[in-house]
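Okay, structure first, notes after.
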Amino acid sequence: MILSNLPAIQVVLPLLGAVICACVRRGVIAWGVTLWVALAMPIVAALILAQVYDGTVISYAMGGWPPPIGIEYRVDIANAFMLLLVSAIAAIVVPYAKQSVEAEIAPENHAWYYAIFLLCLSGLLGIAITGDAFNIFVFMEVSSLATYALIAMGKDRRALLAAYQYLIVGTIGASFYVIGVGFLYSMTGSLNLADVAGRIAEIENSRPVLAALAFLTVGISLKLALFPLHVWLPNAYAYAPSMATVFLAATATKVAVYLMLRYFFSVFGASFVFEELPVTEILMLLSLAAMFGASIVAIFQANVKRMLAYSSVAQVGYITLGIALANQAGLTGGIVHLFNHAVMKGALFMALGGVAYRIGSVRIEDMAGLGRRMPITMGALVLAGLGIIGVPGTVGFISKWYLGLGAFEEGWWWLVLLLVASSLLAVVYIGRIVEVVYFREESRLARKASEPPAGLLVPTLVLVAATVYFGIDTSLSVGVAQRAAELLLAGVR
Amino acid sequence: MTGETLIYLALALPTLGAVLIGLTAWNANLRETVTLVTATSLFLIVLNLLDRFMGAEALATAPVHVAPGLDLAFSIEPLGMLFACIASGLWIVNSVYSIGYMRGNREPRQTSFYICFAIAIASTIGIAFAANLFTLFLFYEILTLSTYPLVAHKGNDEAKAGARVYLLILLGTSMVLFLPAVIATAVIAGTLDFTFGGILAGRTSDTVIAILLALYVFGIGKAAVMPLHWWLPAAMVAPTPVSALLHAVAVVKAGVFSVLKVIVYIFGVEALSTAGNATWLVWVAGFTVIVASLVALRQDNLKRRLAYSTVSQLSYVILAAAILTPISIVGAAMHIAAHAVSKITLFFAAGSIYTAAHLTEVSQLDGIGRRMPWTMAAFAIGALSMIGVPPTAGFLGKWFMLSGAMETGQWLPVAVIVVSTLLNAGYFLPIVVQAFFKAPGKEVKAHVKGEAPFPIVLALTATAIGTVALFLLPEIPLALSRMLAGG
């Protein structure tokens, strides 16, 4: 019975967990409930992935109501991958959360924090698993509202402002999304994605459908922080609590990318979007702007979390570049980078969370000389940083390799050069951190630093190990990404 | 023990050594013993591999599949064998020297120094034994990253600035030029495996091959082809053992090794010479040889003079490769060996002078030969080898290069070699002359009390003897070089 209802469990379990946490007053118990849910999630996701790995599609009618009227949870290998990614990150983040949250958030709010986290998790998983356009909107709002609250709980007073900024921008994004859905509904009479995909072929070039695509794209781009709709991200990541930053950096934008993939390839169809419309050119231009612009801005940041947030905007540019290429290699590169970036950025923000735990600051001057006091954490930071640069032997290289292959496949050798040139910018900002941490006199705050407790250090090292491991043994990440790319390009739904 | 196990052992040993060095940091003598034992064991393993290789045993590892089309694989071929022997042999000598130098100068952070050294050697072995471009590229990058802390070792602003140039140029060239070349090769040839005779022949137009060759030559920044040679003088801020490592044991050798390997095993010597699209390389290499020597003439700082000399000598190897005849390929490979052992002698001598007397400029070295006879004798031998005078190793490399050039009637390489030999004499001989035949100058009188500490003198004497020995007993390097040329 459990196996046949896995899709429902994937979303309902965190929801239930959230309710329990909200009822419980003690933070430790709330954390325990969260941990239990978070550890169960990857198991559910892995079971689902095993079912769809060979290409079958799970169609689960929620509540027994048949689609297209009823809400359908539709899982193929592309979103099974997303489910696994989000739940795996959650499973690594929650053990990390205990001491991080205790240090950064007022005790009376701990249980609320975990409740909101579980709501966010449920929302993200829901977006990934559902096959109904309006249901996506519901889960999008659930996860976004939860995210705003998570960010607002940060220690820094600017967290509230960052959350408010994200709230305004995010709501605009969600509104654009629902307007797009509205147009689709008016033209096709259905909210079920598979159904819409079937009906849309004849009416593709009509104005309302083009408008729908435009609204959907803008709305999703706001959520995935595609340049120039990224302005909410640096502040949101910088001022949120450490654990929230880790989780959001690794999952929130990735799920939005999944939405883009789903709409472009499965609903509207690759040939319409990429060949009849100039989406490739536009997306490529914006991706390159993100890769270069955001990396350059990152170099000059004084707050390391903000620096890495801009780095995330640049890395999202790599992912959308893979989508813009719309060929097997490029799309594989984009999809595998969802996973790779989640692992690398997760590791980086976890290491920074450990720094914040010990010295209470993430400003680069305060981190001077930390290399001697916190050698393991800083070593982890450097290794994950090498992944961002794309050094072979780390996951970052694998993504670049496939993106390069994809660009060559299209004959765009200049794109390959631009791609690798932007990695050079990453050398500069990671190199800046390395210089300050290893080659400067200890700052006043760094003098009293030591390694963070095992509860923070071990998850960090797990993600760093993953950064190297999945750079050498890519059978899981690339294997799934390749199949997902094949499936999406074939337009199979 | 199978060859495959030995290859993995050769890689694992320095890595393990790095870990052990970190664990024995609390006792300096124990830590130094770890380095020496690791270096000696590595050399013995490499010698064993050499023995098996000369016995025509096929030595390769089963590929580790990283991604479709990307494998981590190792296999031994003549050039890689030669490189591994040089690197592992000189590591022992360099370690002995480092002990003397680091202690003599009371350098800080010695543990991280020895750790990075060990990792650099491990990556050098990885480069030497790489069976395909991906493996080569991976260890090439690790070499850059592991030598960065060594270049920045002193930790002051000057060191940081020099290290920054080092990192940005080497990572920049490898990521922006080398990597796209590798991706293009994978797409065009469908494979990245090193195959004798090349994998690109007939697969694409001559123009594309010429562009690819350019991407490789300039992308392999460690070969210091002008104008991307800046990192080498900038890296002179490092302590002298690091300079010795960079110039002789590992870094630049990895650069010219990679260029030579790509020319022989990716492009194919025959294919390039018949297509005729590599003549530009003769000009570029020739330019570097001459111009770098001219710049060296004007340097007063001894290490900077040696740095520009290295830039010049490296392009000898590329020039020899660009001549594209079997004999010149032999010359290229021989020169890798000859330059390694000669340059390390010169750097050891420079460091010895610094340790004993804190003198760094050529103009300060009047009459120093009387007070530091061992050091300056070794320096003289190294200098003669750079010029190419028998009975030193440098003569062999130049002999084969000239033979290859004259055989194909290419006058430009001959002219370049002749002119640069004169230039080499112009900036090396005066140092030797003023050291031995001039009266001691005021700096020498004030600072030079006697020879440098024993480990330093031991090391430089050993490499000086090696420089002569390589001339007298060149059978093994010559055999390997001939195998490389003949396939």
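Below, chains carry the letters A, B, ... as their sequence lines are ordered, and counting in each starts from 1.
Sparse packing is recorded around CD of B:Glu158, with 12 or fewer heavy atoms of other residues, nucleotides or ligands lying under 6.0 Å away. Annotation for B:Asp157: atom CG does not count as buried by contact number, only 12 or fewer foreign heavy atoms lying within 6.0 Å. Atom CH2 of B:Trp26 is surrounded by 12 or fewer heavy atoms from other residues, nucleotides or ligands within 6.0 Å.
Looking at B:Leu138, B:Leu179, B:Val66 one by one, the single match for side-chain contact (heavy atoms from CB on, under 4.5 Å) with A:Phe397 turns out to be B:Leu179.
Within the model, atoms OG1 of B:Thr185 and CZ of A:Phe408 stand 8.5 Å from one another, a figure rounded to the nearest 0.5 Å. Considering CD1 of B:Ile211 and CH2 of A:Trp413, their distance stands at 8.0 Å, rounded to 0.5 Å.
For chain A, the nearby parts of B:Ala184 are the backbone and the side chain; heavy atoms of each come within less than 4.5 Å. Proximity to chain A is absent for every atom of B:Ile142, based on heavy atoms less than 4.5 angstrom apart. The part of B:Phe134 that comes within reach of chain A is its side chain, from C-beta onward, which places non-hydrogen atoms under 4.5 angstrom from that chain. Interface residue B:Leu145: only side-chain heavy atoms are found under 4.5 Å from chain A.
A:Val416 approaches B:Pro180 most closely through the heavy-atom pair CG1-CB, 3.9 Å. The shortest non-hydrogen separation linking A:Leu417 to B:Val176 is CD2-O, 3.3 Å.
Aromatic rings from B:Tyr148 and A:Tyr438 are positioned such that their centres are separated by 6.0 Å or more.
Contact tally against chain A (heavy-atom pairs below 4.5 Å) for B:Leu70, B:Leu168, B:Val64: the top residue is B:Leu70.
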Derivation of the side-chain contact (heavy atoms from CB on, under 4.5 Å) call for B:Met175 and A:Ile389: CA-CA 10 Å; B:Met175 293 201 306; A:Ile389 293 173; 3.8 Å; yes

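Within residues 418-437 of chain A, the residues having any heavy atom under 4.5 Å from a heavy atom of chain B are, by residue number, A:Val420, A:Ala421, A:Ser423, A:Leu424, A:Val427, A:Val428, A:Val434, A:Glu435. For residues 368-384 of chain A, an interface with chain B (any heavy-atom pair closer than 4.5 Å) does not exist.
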Side-chain donor-acceptor distances from residues 323-331 of chain A under 3.5 Å, at least two apart:
residue, atom, partner, partner atom, Å
A:Asn327, OD1, A:Gly330, N, 2.7
A:Asn327, ND2, A:Gly406, O, 2.9
A:Asn327, ND2, A:Glu410, OE2, 2.9
A:Gln328, NE2, A:Thr332, OG1, 3.4
A:Gln328, NE2, A:Gln482, O, 3.2

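The list of side chain to side chain donor-acceptor pair (under 3.5 Å) pairs with a residue in residues 170-180 of chain B, not counting sequence neighbours, reads B:Glu141-B:Ser174.
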